[in-house]
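Sequential numbering from 1 along the given sequence is applied to the chain's residues.
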Amino acid sequence: MCLDEPVAAVEERARSMEDYECVDIDYSRAVPLEPFIHQVGGHSSMMRFDEHTVCKPMISREHHFYLSLPKNLRKFSPEYRGVIQVSFQEDDEGFIHLIAHPCETNHSGGHSESDSSPAGSGEEDNDNASASSVHRTKRRRRRKDSGGIDTQEITHSFPLSDCTCVLSNGRRPWSWPPIHTPIRVRLLRTGSIEVQSKGTGPFLVDLVENKEEAESLKGLGHNPWSLRCHKRQLAEMRKKSPNSKLHKFILLENVTSQFVYPCILDLKMGTRQHGDDATEEKRNRQMEKCASTTSASIGVRVCGMQVYKSETGHFLCRNKYYGRKLTEDGFKHTLQQFLNNGQAIQHLVAPKIIAQLEELKDVLEKHQTYRFYSSSLLIIYEGNSCWGDNGDVCTNHCATNVAVKMIDFAHSTFKGFRGDRTAHYGPDKGYIFGLDNLLRVFHEILDGHGDNMPDEQDM
C-alpha cells in the first residue's frame, strides 16, 4: 500500500513554501535563549525557548520537510511550532546573548496545534492549517485553557503535582526543581569562548577526543555535547554577521519536557547518510564513515546518549565519537547500558520501546518514495524509577513514559519534494534495515541474552 501523496499536490505545496518569510517581527517580545541542556548529538545548537519548546537554526530544506510531513509520521516527530527571528548581541563585558523575537509569517501549510487532533494522532488531518507561529500558539493555548479543555497533551503526559511517590534515590520526584542552570558565554581576546555557570549539574564529563575541552565543560549543568555545539554555533554566528543581523530559527516541541530525568539515545539510522545533492567529496566521506561503523553492518549507529544513574544521581554521557568506535557487540552492550539505571535493566521500559519501533516500521514500510538520509532517531524514557506508598514501582512514571522520535530532516526527500531531480521508489530499505536490527537487539536484551553488564572500561 502506498500512502505517498500525488506528485502534483506535493509540488504545488513545495512551490508555495518558497516565499516563506517573516512579515511582522514583534520586537517588543524578547525571549532570551539558552542552550538546551539535554542535547546529546547533532551539529547545530539546540536552544531552549520555553519549558515545552526548543529551537534550532533554520535549514530551508528541513523546515519545508517538517511542513510536509504526512499525518501518520507526525506522531514520530517533534511537533513543528513555527519560526522566530534571533538576534546575536554582545555586551560591553563580552558576554553573548541570543534573543528570540516571535514573528508572523506569510505562509500557510504544514501541521500545527490548530489541528483538530494532536499531531500524529491519526484522527484527522489538516494540511491547510496555518503555520504555528508563537503568537498563534499562545492565543490557541489560552483559548483551550479558558474553554476548560484538558491541555496535558501540550504539557505533561501525567499530572506531576499529584505524585506522592518516592524516587529510588530517596527524593520526591517532582518536588526537586527542573535541571536548569543558566549559563553565560563570552568571547575572549584569544578568540576562544568561555562558559560560565552559577550552578552545578548532574552531568558527568563525556568521553571526547579533547580532554582539555571536556574538563572545561565539567559540572556546568548541561550535557557536554550541548555546550560544545553552543560554543561552535556562537563562534560561527559572530564570525558571519554583525550584532544587528537576524537569524531564522524554527520552533519544535521539546520532546523531553514530559520527563524529569530523561535517558536519551540518539541513533543515526540507515546504511546511507549522504543526500542526493551531496558533493562527490562529501559523498565519499560519508560512505567511508558508514563503511567503518555499524551503519554499514546493521544500519544504525550511536550518535549520542545520556543515562541517569539513580544510585549516584548523575547522567552518564556518550557522544558520536564513542559511537563510531563501537562494534556490533559494543552496540549491543551500549543499548544494555542505556536501559540500565545503575541498579537493573529497565524491563518495564523495553517493551514500550519495542512497541513504538514496530509501529514506526509499519508506517515507514507504507511510504514508497521517502528517504531519510542522515536523519536520527531519539529514544527517551524516564530514568529514575519511583515507588508508591505500598512499595510497588509506579508504572505511571516509569514504564508508560517512553518516546520515539525521528529528527534531523535536512537531507530527507520524497518524490516531488522541492523539485528534487532524483526520485526513489519503494520504502527506505536502509532505514528499515536499521530498525530491524535495533528491534532484534532490544528483543535479545529483553529475553535475557547477555544480562551481564560489561565493565565501563570495556565499552
Asp50 side-chain N/O to His52 backbone N/O, donor-acceptor pair under 3.5 Å: yes
Leu377 vs Lys405 side-chain heavy atoms within contact, under 4.5 Å: no
Under the side-chain contact (heavy atoms from CB on, under 4.5 Å) test, residues paired with Ser374 that sit two or more places apart: Lys268, Gln273, His411
Residues which pass salt bridge (Lys or Arg N to Asp or Glu O under 4.0 Å) with Asp276, listed by chain and number, not counting sequence neighbours: Arg272
Flag, side chain of Arg61 to backbone of Ser412, donor-acceptor distance under 3.5 Å: yes
Leu267 CG to Ser376 OG distance, which is reported to the nearest 0.5 Å: 8.0 Å
Non-neighbouring partners of Arg324 that pass salt bridge (Lys or Arg N to Asp or Glu O under 4.0 Å), sequence neighbours left out: none
Pairs where residues 290-300 contributes a residue and the test salt bridge (Lys or Arg N to Asp or Glu O under 4.0 Å) is met, not counting sequence neighbours: none
Spacing of Asn319 atom CG and Gln306 atom CD [to the nearest 0.5 Å]: 12.5 Å
Working for ring-ring contact (aromatic ring centres under 6.0 Å, His included), residues Tyr80 and His63: CA-CA 9 Å; Tyr80 167 78; His63 176 231; 5.4 Å; yes
Flag for Thr334-Tyr322: side-chain donor and acceptor within less than 3.5 Å: yes
For Glu281, side-chain contact (heavy atoms from CB on, under 4.5 Å) partners two or more places apart: Thr279, Arg285
Charged N-O contact under 4.0 Å between Lys332 and Glu328: no
Salt bridge (Lys or Arg N to Asp or Glu O under 4.0 Å) against Glu359, all qualifying residues, sequence neighbours excluded: Lys75
Side-chain (Asp420) to main-chain (Gly416) donor-acceptor, under 3.5 angstrom: no
side-chain contact (heavy atoms from CB on, under 4.5 Å) partners for Ala100, two or more places apart: Val31, Leu33, Phe49, Ile84, Val86
Nearest-0.5 Å distance, CG of residue Leu339 to CD1 of residue Ile445: 5.5 Å
Those residues that, when tested against Phe409, pass ring-ring contact (aromatic ring centres under 6.0 Å, His included) (two or more places apart): Phe65, Tyr66
Pairs involving residues 421-434, ordered by first then second residue, that meet salt bridge (Lys or Arg N to Asp or Glu O under 4.0 Å) (sequence neighbours left out): none
Separation between OG1 of Thr271 and CD1 of Ile432, rounded to the nearest 0.5 Å: 11.0 Å
For Cys229, side-chain contact (heavy atoms from CB on, under 4.5 Å) partners two or more places apart: Gln39, Ser45, Trp225, Arg232
Ser375 versus Asp408, side-chain donor and acceptor atoms under 3.5 Å: no
Residues which pass ring-ring contact (aromatic ring centres under 6.0 Å, His included) with Tyr373, listed by chain and number, not counting sequence neighbours: His424
Partner set under salt bridge (Lys or Arg N to Asp or Glu O under 4.0 Å) for Asp436, not counting sequence neighbours: Lys361
